[in-house]
Amino acid sequence: VQLQASGGGLVQAGESLSLSCVASGRFASITSMAWYRQAPGKQRELVATSTDDGNINYTDFVKGRFTLSRDNARNAVYLQMNSLKPEDTAIYYCNAVARIRILASTLPRQVWGEGTLVTVSS
């Protein structure tokens, strides 16, 4: 299973960016999909997460500014980021839990994308 993220770039404070992530490969289904980020010198942190039944949760620092959406038919997750701040500067990583078919059953496998850089200038 591979995750391909795209959409990062350089913007000014207050502007918007949209990130995309598509899962590909051999899997039975995708359960959760999420976005994390890692700023320079800091640990990776959760931004937003979603389940396959439509439940979406955001961390406090992006509520009201970021919107996560999913397209289950395309195995894709998106992150619309509005009102960006310099402190949003980070590498953004797509994360997914895929169910891999093993004989007559499936097992969960967590997968990370390579990350896409978002830089917000003041």
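Since we're looking at a predicted model, the values are computed, not measured.
- With salt bridges taken as basic N to acidic carboxylate O contacts below 4.0 Å, none links Asp88 and Lys85.
- Remark: the backbone N or O of Val97 is paired with a side-chain donor or acceptor of Thr31 at under 3.5 angstrom.
- Less than 6.0 angstrom separates the ring centroid of Tyr36 from the ring centroid of Trp112.
- Taking a 4.5 Å side-chain heavy-atom cut-off between Ile, Leu, Val, Met, Phe, Trp and Tyr, the cluster of Leu10 contains only that residue.
- Rounded to the nearest 0.5 Å, atoms CG (Leu84) and CD (Glu15) are 8.5 Å apart.
- Taken to the nearest 0.5 Å, the OG1 atom of Thr49 stands 10.0 Å off from the CE atom of Met33.
- A donor-acceptor pair under 3.5 Å is absent between the side-chain atoms of Arg99 and the main chain of Ala28, judged by distance alone.
- To the nearest 0.5 angstrom, Arg74 atom CZ is 11.5 Å from Ser24 atom OG.
- With rounding to the nearest 0.5 angstrom, the CG atom of Asn82 is 6.5 Å from the OG1 atom of Thr67.
- Considering only residues two or more places apart in sequence or on other chains, Glu114 meets the side-chain contact (heavy atoms from CB on, under 4.5 Å) condition with none of them.
- With contacts defined as side-chain heavy-atom distances shorter than 4.5 Å, the pair Trp35/Cys21 qualifies.
- Put simply, CG on Leu19 and CZ on Phe66 are 8.5 Å apart, with the number rounded to the nearest 0.5 Å.
- The shortest distance between side-chain heavy atoms of Arg65 and Met81 does not fall below 4.5 Å.
- Checked against side-chain contact (heavy atoms from CB on, under 4.5 Å), Asn72 has the following partners two or more places apart in sequence or in another chain: Arg70.
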